[in-house]
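Below is one structure, written out as structure tokens; comments come after it.
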Amino acid sequence: MSTSRKRVIVGQSEWAIHDADVEEVLGKIRSALENGSVAELTLLDSAGRQVTVYLNGKVLATVVVDLNTGPKPPSEISG
């Protein structure tokens with residue numbers, strides 16, 4: 001995944017969200033799910049390339065958005 005740790009996960013597919021696009025992407029996802037519409041999302045693939053993902057809110061029950069806001073895991077585990 002790219003340097004951004006913010007992610008959108010739908011089923012087994014995962015994309016990163018560019019930091020500058022977080023609010024826009026969240027709004028489009030929310031709107032698609034509430035209205036049963038299709039959202040056109042600009043996201044990043046696993047190689048960090050910009051891609052367009054079409055999210056059909058009419059057929060999806062769940063979309064995971066990980067904004068990586070929790071505590072940072074330790075970088076080294078002693079043993």
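One-based numbering along the sequence shown.
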- Message: Side chains of Arg7 and Val65, heavy atoms from C-beta outward: is any pair under 4.5 Å?
- Response: no
Quick note, salt bridge (Lys or Arg N to Asp or Glu O under 4.0 Å) partners involving residues 22-34, not counting sequence neighbours, are Glu24-Lys28
Report task. With salt bridge (charged side-chain N to carboxylate O under 4.0 Å, His left out) as the test, would you mind laying out the steps for Asp66 and Lys6 before giving the verdict? Result -> CA-CA 5 Å; Asp66 176 5; Lys6 296 167 178 59; over 6 Å; no
Going by atom type alone, with no hydrogens or angles, which donor-acceptor pairs under 3.5 Å involve a side-chain atom of residues 36-44 and a protein atom two or more places apart or on another chain?
none

Please tabulate, for side-chain N and O atoms in residues 50-62, each donor-acceptor pair with protein atoms closer than 3.5 Å (sequence neighbours left out).
residue: Asn56; atom: OD1; partner: Lys58; partner atom: N; Å: 2.9

task = Step by step, work out the side-chain contact (heavy atoms from CB on, under 4.5 Å) result for Val64 and Val8.
result = CA-CA 6 Å; Val64 176; Val8 173; over 6 Å; no
**Report entry** Heavy-atom side-chain proximity of Ile9 to Val63 below 4.5 angstrom
**Finding:** no
**Q.** Short side-chain to backbone donor-acceptor contact, Asp21 and Ile17, under 3.5 Å
**A.** no
